[in-house]
Amino acid sequence: MKELMLGNKAVARGLYEAGCCFISSYPGTPSTEITEEAAKFAEIYCEWAPNEKVALEAAFGACLAGKRAFCAMKHVGLNVAADPLYTMSYTGVNAGMVIAVADDAGMHSSQNEQDSRHHAIASKVPMLEPADSAEALEFTKLAFEISEEFDTPVIIKMCTRVSHSQSVVSPGERSVPVKKYEKNIAKYVMMPGNAKRRHPFVEERTEKLTELAERSPLNRVEKGSGKLGIITSSTSYQYAKEVFGDNASVLKLGIINPLPKKLILDFARSVEKIIVIEELDPIIENHCKALGLSVHGKDMLPITDEFSQGLIAKAVNNEEKEFVSLGENIPVRPPVMCAGCPHRGLFYTLNKNKCTVLGDIGCYTLGAVAPLSAIELTLCMGASVSSVHGFNLASDSNSEHSTVAVIGDSTFMHSGMTGLANIAYNQSNSTVIILDNSITGMTGHQQNPTTGFNLRGDPAGKIDLEALCNAMGFKRVRVVDPYDLKQCDEALKEELAANEPSVIISRRPCALLKYVKHNPPLKVNSDKCRGCKSCMKIGCPAISIKNKKAVVDNTLCVGCGVCSQMCAFEAFQN
C-alpha cells in the first residue's frame, strides 16, 4: 500500500525495514524527525545523546557488537562528529553503520550554509543523496547493504526540502540481519602502526566504490529530446525536471561520493552542452572539469542559498517561471521569543545593566534582537562559555565585571561542560548563566540529560546542574527565577562583582511545554496606563500600543507578570 510520507519519516521507515536496531542522535533541524519517527517502532532502540560525537560513537559501538546502527544530525553536527567519523573510515564496520546528515541551504535554522559533501570526500566515506521520500526510504536500505559489503560507514545526505517535503512511498517488510562481534585488534585499535596499515584499505575501497558508482542504478541517465545535458542530484533534480522536462537529458546522481568517471564522460559525449545544477559548492562541477569536460555551473547559478524552479529557469533560459501569487502584502514577521518565554526577563536585566553578553545556539539567540538587544556573539554550540574565558583574560578593560556567557541547558550538556571546566581549571573570573528551560527548545521540545526523561518520555537519569558545577570547582552557584526581575538583577550584580568564577542558573520551564500551567492573562487598566511604553522594552508579542495605551492580547499572554514589574503605575492587573 502506498503512503504519502515526509522525507525524514521515509528515512525512519527505511531504517525499520533494513533491520536497524540501534539509533543514537542529537536533535538538529532539519534532521530531528528521523529519530523521532524511528522511535515509534518498538523494535528499534532510540536515544538522544548529549552531542553528535557521543551519538556517533554510541552507534558505532552498536554496529561493532553486530547490530545495524544509525545516527542522525544536521550539517553543523557533522563537524562535532567528524573526529570519530574520519577514523571509522579506517576501522570500517561490523554490522552496517549509516549516518544521516541534513544540510540547510538557505540557513532556515542554522548559523552557516556548509556543504556536507566535503566531509564525505575528506573522510573517504561513501555518500548517497536521495531526491524525494521514495528514494530516502530505498537509499537508506541500500546504505546498509553498501556499508556491510564494502566495510564502511555510509552517509545519507538529506536537505531541508527533501527532509520536510512529502511524496509517495511504498513501505515494505522488516528484515533483521545480525553479525557476531569478533576481536580484531589490527582492524579496530587505531594506534599509528595499525592505522598506517588500514589507510591502503581505504584507498582500495574508494576504487571499488567508484566502480559501484559507475554501474549502480542510483546513478541514472534519463534521455531527453534536446542536445542539452543536465548533471544534478538531490532536490536540484526535481527543479531541473520541472524546468526542462523532456527537452534535456539528465544524469541524476544518487551516489554523490565517490563520483563516477566513465558514466559522466559517456553522458557528456551524448550531448552538446552540459549544465551542472547543484546547491552550494561546485563539487560535481569541479569533478567534471577535472575529467577535462567543459561544463557550465556556478558561472550561471549562485553558490549561495537554495535553488528553485524559477531561479533555474531565469538563470539558464532567461525566462520567468509562472507561479501562483497571493496578491496580498503580508507584513514581515521576524522571529521573536514567545509570550512568557523565561529568557526574556533575564535578557532585559542584562541589557539594563549594559552587560557584554556572549551567546550560544538555541532559541535564546533571539536575545540579540531588538528591543532586548543583549547578545553580541553567537558562534557554535558551547562557544559562549569558552569565549567568555578568553575574552576576560585578553581584555584590557575590567571586562569580567560586565561580561557574561549565556547558554541553554541542552547546549550546556552538548558542548558547554568542557568550556566550564576550562574556566574552573584556569580560573578566569568569568560568570556563566545557564538558561535552564527544562527542554531542548529550538528543535521542537526534545528531552536532554537534565530533564529526567528519555526520548520516549520514560523516566531517565537526570543530571543535577548545581551539583555538576560544584563538582567542577565552582563555589558560587545560584539559581534564579527569570520571571523575578529584582532577583535576577541582584544575582547578576553580585556575581559580576565577585572576584572568582561563578554560575547563575536561570530556571523556568519553556512556556510552550504542555505540562506548564499558566496564570490567567493580564489586563491593562487604561486609566492607570500613561503610555510610557516601558512595558515594550521586553519585546513581548502579547503587548502592543493602541491609542497611546498598552494593550494585552489575552490569546497570547500567559500571565508571567514580567511586564507588571516594569510598570511604575501598576497598570497591569490580573
> Backbone N or O of Met107 within a donor-acceptor pair of the Ser110 side chain at under 3.5 Å?
Replying inline: no
>> Just verifying a value: how many Å separate Ile155 CD1 and Met127 CE, rounded to the nearest 0.5 Å?
In response: 4.5 Å
>> Run Tyr45 and Phe22 through ring-ring contact (aromatic ring centres under 6.0 Å, His included) and show every step you take.
In response: CA-CA 5 Å; Tyr45 171 82; Phe22 184 99; 5.2 Å; yes
>> Does any part of the side chain of Ile275, heavy atoms only, come nearer than 4.5 Å to the side chain of Leu228, both counted from C-beta?
In response: yes
>> Taking the basic N atoms (NZ, or NE/NH1/NH2) and the acidic carboxylate oxygens, is any pair closer than 4.0 Å for Asp103 and Arg161?
In response: no
> Does Pro50 reach the side chain of Pro449, with side-chain heavy atoms less than 4.5 Å apart?
Replying inline: yes
> Taking the side chain as C-beta and beyond, is there a heavy-atom pair between Phe144 and Cys20 under 4.5 Å?
Replying inline: yes
> Is the backbone N or O of Gly96 less than 3.5 Å from a side-chain atom of Lys179, with the two atoms forming a donor-acceptor pair by type?
Replying inline: no
> If you measure only the distance, is there a donor-acceptor pair under 3.5 Å linking the side chains of His118 and Asp115?
Replying inline: no
> In Å and rounded to the nearest 0.5 Å, what is the OH to CG distance from Tyr188 to Asn194?
Replying inline: 13.0 Å
> Any luck finding a side-chain donor-acceptor pair between His119 and Asn79 under 3.5 Å?
Replying inline: yes
> So how far is it from Ser116 OG to Met73 CE, rounded to the nearest 0.5 Å?
Replying inline: 9.5 Å
> Which atoms form the tightest heavy-atom contact between Ile146 and Leu209, and what is the distance?
Replying inline: CG2-CD2, 4.1 Å
> So, the side chain of Glu278 versus the backbone of Ile284: is there a donor-acceptor pair under 3.5 Å, distance only?
Replying inline: yes
>> Please determine whether side chain to side chain donor-acceptor pair (under 3.5 Å) holds for the pair Ser163 and Asn8, giving the CA-CA distance in whole Å, both sets of side-chain angles, and the decisive distance to 0.1 Å.
In response: CA-CA 5 Å; Ser163 290; Asn8 281 346; 3.0 Å; yes
>> Quick test of your reading of the model: are Lys141 and Glu17 salt-bridged, counting only N-O distances below 4.0 Å?
In response: yes
> Say you draw a straight line from OG1 of Thr411 to CE of Met413; how long is it, rounded to the nearest 0.5 Å?
Replying inline: 11.0 Å
> Is there a side-chain contact between Leu291 and Lys261, using heavy atoms and a 4.5 Å cut-off?
Replying inline: yes
> Less than 4.0 Å between a side-chain N and a carboxylate O, is that true for Arg68 and Glu148?
Replying inline: yes
> Ignoring hydrogens and geometry, is there a side-chain-to-backbone donor-acceptor pair from Lys67 to Cys21 under 3.5 Å?
Replying inline: no
> Does the side chain of Glu207 come under 3.5 Å of the side chain of Thr210 through a donor N or O and an acceptor N or O?
Replying inline: no
> For Ala72, does its backbone N or O pair with a side-chain atom of Ser25 as donor and acceptor, under 3.5 Å?
Replying inline: yes
>> Test side chain to side chain contact (heavy atoms under 4.5 Å, CB included) on Ile156 and Ile99; report intermediate values, then the result.
In response: CA-CA 6 Å; Ile156 297 174; Ile99 304 153; over 6 Å; no
> Which atom names give the shortest non-hydrogen contact between Ala10 and Ser133, and what distance separates them?
Replying inline: CB-O, 3.2 Å
>> Here's a test for you: under side chain to side chain donor-acceptor pair (under 3.5 Å), which of Glu135, Glu129, Glu222 qualifies with Lys252?
In response: Glu135
>> If we ignore hydrogens and angles and just use 3.5 Å, is the side chain of Asn454 paired with the main-chain N or O of Ala460 as donor and acceptor?
In response: no
>> Can you give me the closest heavy-atom contact between Ala69 and Cys63, atom names plus distance?
In response: CB-N, 4.0 Å
> From Met442 CE over to Ile361 CD1, what is the distance, rounded to the nearest 0.5 angstrom?
Replying inline: 6.5 Å
> Gln309 and Gln238: side-chain donor and acceptor closer than 3.5 Å?
Replying inline: no
>> With side chain to side chain contact (heavy atoms under 4.5 Å, CB included) as the criterion, how do Tyr26 and Met381 come out once you've worked through the C-alpha distance, each side chain's angles and the decisive distance to 0.1 Å?
In response: CA-CA 12 Å; Tyr26 183 82; Met381 300 283 275; 3.4 Å; yes
> Is the distance between the ring centroids of Tyr16 and Phe41 less than 6.0 Å?
Replying inline: yes
>> What I'd like to find out is whether the side chain of Val11 reaches to under 4.5 Å of the side chain of Phe139, using heavy atoms alone.
In response: no
> For the side chain of Asp360 and the backbone of Thr365, is there at least one donor-acceptor N/O pair under 3.5 Å apart?
Replying inline: no
>> Regarding Arg13 and Glu37, does a basic nitrogen lie under 4.0 Å from an acidic carboxylate oxygen?
In response: no
> To the nearest 0.5 Å, what is the distance between OG (Ser387) and CG (Leu379)?
Replying inline: 6.0 Å
>> Using a 6.0 Å distance limit plus a 45 degree cone around the ring axis, check whether Arg205 lies over the aromatic ring of Tyr90.
In response: no
>> I'd like to know whether Thr206 forms a side chain to side chain donor-acceptor pair (under 3.5 Å) with Glu203, so could you lay out the CA-CA distance, the side-chain angles of the two residues, the decisive distance to 0.1 Å, and finally the verdict.
In response: CA-CA 5 Å; Thr206 299; Glu203 302 304 330; 4.8 Å; no
> Stepwise, does the side chain to side chain contact (heavy atoms under 4.5 Å, CB included) test hold for Phe267 with Asn219?
Replying inline: CA-CA 12 Å; Phe267 177 75; Asn219 295 333; over 6 Å; no
>> When you compare the side chains of Asp132 and Ser167, does any donor N or O come within less than 3.5 Å of an acceptor on the partner?
In response: no
> Is the side chain of Ser216 donor-acceptor paired with the backbone N or O of Leu218 at a distance under 3.5 Å, no angle test?
Replying inline: yes
> Is a side-chain donor or acceptor of Asn247 paired with a backbone partner of Gly226 at a separation under 3.5 angstrom?
Replying inline: no
>> Can you tell whether the side chains of Glu279 and Arg117 come within less than 4.0 Å, N to carboxylate O?
In response: no
> Does the side chain of Ile264 come within less than 4.5 Å of Lys262's, by heavy atoms?
Replying inline: no
>> Do Glu52 and His414 pair up side chain to side chain, a donor and an acceptor below 3.5 Å, judged on atom types alone?
In response: yes
> Does Glu113 reach the main-chain N or O of Asp305 with its side chain, forming a donor-acceptor pair under 3.5 Å?
Replying inline: yes
> Can you name the nearest heavy-atom pair linking Pro30 to Cys159, along with the distance?
Replying inline: CG-C, 4.4 Å
> Can you list the steps and then say if Arg198 with Asp151 is a salt bridge (Lys or Arg N to Asp or Glu O under 4.0 Å)?
Replying inline: CA-CA 12 Å; Arg198 290 296 293 178; Asp151 192 10; 3.7 Å; yes
>> Between Glu57 and Lys53, does any side-chain N to carboxylate O distance fall below 4.0 Å?
In response: yes
> Between Asn448 and Ser410, what is the shortest heavy-atom contact and its length?
Replying inline: ND2-CB, 3.5 Å
>> If I compare all heavy atoms of Ile277 with all of Thr232, which pair ends up nearest, and what's the gap?
In response: O-OG1, 2.8 Å
>> For a side chain to side chain contact (heavy atoms under 4.5 Å, CB included) check, start with the C-alpha distance between Leu455 and Gln447, then their side-chain angles and the critical distance, and finish with the verdict.
In response: CA-CA 6 Å; Leu455 189 155; Gln447 304 295 336; over 6 Å; no
> Going through the checks in order, is the side chain to side chain donor-acceptor pair (under 3.5 Å) test met by Glu306 and His108?
Replying inline: CA-CA 10 Å; Glu306 287 185 300; His108 299 282; 2.7 Å; yes
>> Pair His75, Asp104 - check side chain to side chain donor-acceptor pair (under 3.5 Å), show working.
In response: CA-CA 7 Å; His75 61 290; Asp104 189 20; 5.5 Å; no
